[in-house]
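Letters A, B, ... mirror the listed sequences (proteins, then strands); counts begin at 1. As the structure is a computational prediction, the values presented were derived from the model and not from experiment.
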Amino acid sequence: MLDPKLFRTQLDEVAKGLSKRGYQLDVERLRALEDTRKVVQVECENLQQERNTRSKNIGKAKAQGQDIAPLLAEVDNLKKALSEAEEKLAAVQTEFNDIVESVPNLLADEVPEGKSEDDNVEVSKWGEPRSFDFEVKDHVDVGAELGGLDFETAGKITGSRFAVMTGSIARMHRALIQFMLNTHTGEHGYSEIYVPYIVNKDSLFGTGQLPKFEEDLFKLRDDRDLYLIPTAEVPVTNVMRDEIVDEAALPVKFACHSPCFRSEAGSYGRDTRGMIRQHQFEKVELVQFVKPDNSAAALEELTGHAELILQQLGLPYRKVILCGGDIGFSSTKTYDLEVWLPSQKTYREISSCSSFGEFQARRMKARFRNAETGKPELLHTVNGSGLAIGRTLVAILENYQQADGSLEIPAVLQPYMNGQTSIAAASK
RNA sequence: GGUGGGGUGGCUGAGUGGUCGAAAGCGGCGGUCUUGAAAACCGUUGAGGGUUUAUCCCCUCCUAGGGUUCAAAUCCCUACCCCACCGCCA
């Protein structure tokens with residue numbers, strides 16, 4: 001959420017900034033609301049003041065044993081005027097808030113102009129895509145040959161966009177989680193954290209999934225308004241909701257493995273084959289809470305942490321900065337890491353690292369106490385995938401496939417797989 | 001699932017319906033003392049918003065949402081959460 005003051009004092013600048021996203025702010029409506037808000041609020045507060053002083057006087061008079069009947073008569077019509085004013089004010093504020101809460105974050109200067117993912121700008125590239133001297137299979141076929149990657153059984157158990165893994169593939173899937181968590185906690189200074197996978201509306205509002213993106217979520221059929229998490233970002237970031245932490249405690253850095261559940265509404269035709277786009281997938285998420293001055297550096301650092309995983313796995317990737325038209329609602333700047341998929345001869349998203357400025361913190365009331373001033377200030381949040389496990393598995397299956405149908409296991413994963421160096425093709 | 005007790009400021013914890021935004025303690029900040037520190041002592045210290053050049057002043061907030069009242073932290077209803085005991089249970 002943007003600072004409501006910005007809508008009062010710099011409305012046109014805000015509108016201009018948002019236009020880089022292709023977002024059109026209803027300037028006229030906001031200006032009109034603000035004008036009436038001012039008048040109504042002053043009126044309302046004046047009436048409240050009058051009620052307060054009169055009530056106090058009644059109290060005093062009563063304490064002195066005086067007759068309060070005339071005082072009560074005076075206050076009679078005040079009550080009605082006040083409740084009318086309060087209702088009017090509430091209506092104006094509700095409409096103002098509804099608009100403000102649905103406005104996306106302003107973008108960092110360096111975010112490029114653009115309308116779609118085609119306009120994202122490559123920042124860097126790492127690794128050389130391997131050249132194959134045999135016909136490259138996609139991960140579904142590689143998995144089929146190895147055995148242990150089964151979409152039909154998942155379809156029977158549940159439906160489309162789910163997978164069943166068994167044997168060495170299931171184990172490698174788990175090994176990826178362990179490897180990533182150990183790296184981030186052991187070498188990058190993150191604390192491991194375990195959180196609920198079901199969250200309430202306040203949490204989803206805090207990170208920005210609600211109120212605008214409910215259709216992307218799985219909602220529990222229950223009268224408590226609970227949802228499955230679409231990413232660990234939601235529970236982990238909301239750890240700080242309604243908190244004021246000591247400045248000395250910052251930065252707070254969490255690494256969290258969790259499953260993620262996404263309805264994928266509106267992506268019916270896309271990535272229907274394989275496990276690129278699933279309703280359920282695992283992810284190791286990195287979340288940082290930092291002082292405002294440090295958030296830009298923190299985004300670079302965190303992105304680097306995710307990149308290191310790709311490098312250690314020997315997976316070629318590129319880093320792109322998302323353009324104004326493709327960047328997420330809450331983000332002020334986002335880098336996507338895209339891994340090379342030989343079967344598609346292209347780079348596909350495997351991590352998304354974003355800086356949110358104070359946007360999420362304001363929604364969550366997540367603050368730190370400035371040691372110098374003693375005053376609470378909004379902290380900044382930064383997060384990113386480090387990495388998406390399912391897609392990492394896809395990338396390994398494709399990039400490490402062998403001519404004989406076997407799979408080489410990346411060296412860094414071997415300790416997590418009992419020293420196993422390859423997975424043989426299933427005997428037919 | 002049953003019964004009972006609670007949710008108050010950064011934290012702990014008082015609070016007969018009427019100067020209660022709220023005692024006290026801890027913590028924080030400033031000071032005295034000290035070579036320095038600790039201890040002790042003195043003072044200070046909630047959050048959000050409105051108005052204002054600024055000071056002042058004003059409003060809101062004691063889990064949330066309703067209600068009663070001239071007046072609610074305090075009374076009533078609902079929801080959520082926490083604690084204790086019982087039952088069930090991974």
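B/G15 sits 29 Å from B/C85 when the C1' atoms are compared, rounded to a whole Å. Of the C1' atoms belonging to B/G10 and B/U3, the separation is 36 Å, rounded to the nearest Å. B/G46 and B/A23 have their C1' atoms separated by 15 Å, with the value rounded to a whole Å. Distance check on atom P: B/G13 versus B/G66 gives 29 Å, rounded to whole Å. As rounded to the nearest Å, B/G5 and B/G17 have C1' atoms that lie 24 Å from one another. Distance check on atom P: B/U8 versus B/G4 gives 22 Å, rounded to whole Å. Taking atom P in both B/U74 and B/G7, the straight-line distance is 11 Å, to the nearest Å. On the C1' atoms, B/A72 is 12 Å away from B/G67, given to the nearest whole Å.
When rounded to the nearest whole Å, the span between CG of A/Asp242 and P of B/C61 equals 17 Å. Look at CG on A/Asp246: it is 9 Å from C1' on B/G28, rounded to the nearest Å. Following rounding to the nearest Å, A/Leu82 (CG) and B/C59 (P) show an atom-to-atom distance of 12 Å. What separates CG of A/Leu72 from C1' of B/G18 is a distance of 13 Å, to the nearest Å. In this structure, A/Asp202 atom CG and B/G65 atom P are separated by 11 Å, rounded to whole Å. Atom NZ in A/Lys60 sits about 7 Å away from atom C1' in B/U19, given to the nearest Å. Rounded to a whole Å, the NZ atom of A/Lys365 is 10 Å from the P atom of B/A64. Per the geometry, CG belonging to A/Asn52 stands 13 Å off C1' belonging to B/G21, to the nearest Å.
A/Arg224 comes within 4.0 angstrom of no nucleic acid atom, judged by non-hydrogen atoms across all strands. Here A/Asn57 lies out of heavy-atom contact (under 4.0 Å) with every strand.
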For this session: Take A/Lys253 and A/Val287 through the test side-chain contact (heavy atoms from CB on, under 4.5 Å) and record every step on the way to the result.
Result: CA-CA 6 Å; A/Lys253 299 162 70 174; A/Val287 176; over 6 Å; no

Problem set entry | Criterion side-chain contact (heavy atoms from CB on, under 4.5 Å) on A/Asp202 and A/Asn238, from CA distance to verdict | CA-CA 9 Å; A/Asp202 288 341; A/Asn238 276 278; over 6 Å; no

For this session: Tell me, with the steps shown, if A/Gln312 and A/Glu307 meet side chain to side chain donor-acceptor pair (under 3.5 Å).
Result: CA-CA 9 Å; A/Gln312 293 196 353; A/Glu307 287 182 63; over 6 Å; no

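Between A/His188 and A/His184, the ring planes are tilted. Angles from 30° to 60° get that label.
In this model, the phosphate group of B/C70 is approached by a side-chain N or O of A/Lys79 to a distance below 4.0 Å at OP1 or OP2.
Ion pairing of A/Arg277 with A/Glu264 is present here, as a side-chain N (NZ or NE/NH1/NH2) and a carboxylate O approach within less than 4.0 Å. Under 4.0 Å is where a charged nitrogen must lie from a carboxylate oxygen, and between A/Arg54 and A/Glu50 at least one such pair does. The pair A/Arg369-A/Glu377 does not count as a salt bridge, with every side-chain nitrogen at least 4.0 angstrom from each carboxylate oxygen. Taking a cutoff of 4.0 Å between a charged side-chain nitrogen and a carboxylate oxygen, A/Lys219 and A/Asp225 qualify as a salt bridge.
With the nearest nucleotide of RNA chain B identified for both A/Glu243 and A/Val75, A/Glu243 has the one nearer the 5' end.
Side-chain atoms of A/Lys62 come within donor-acceptor range of the base of B/G18, with a qualifying N/O pair under 3.5 Å.
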For this session: Any chance you could list the contact pattern along nucleotides 42-52 of chain B? Use B for base contacts, S for sugar-phosphate-only contacts and - for none, protein heavy atoms under 4.0 Å, 5' to 3'.
Result: -----SSBSS-

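Summarising the base pairing, B/C85 is matched to B/G2 through a Watson-Crick or G-U wobble pair whose two defining distances lie under 3.5 Å.
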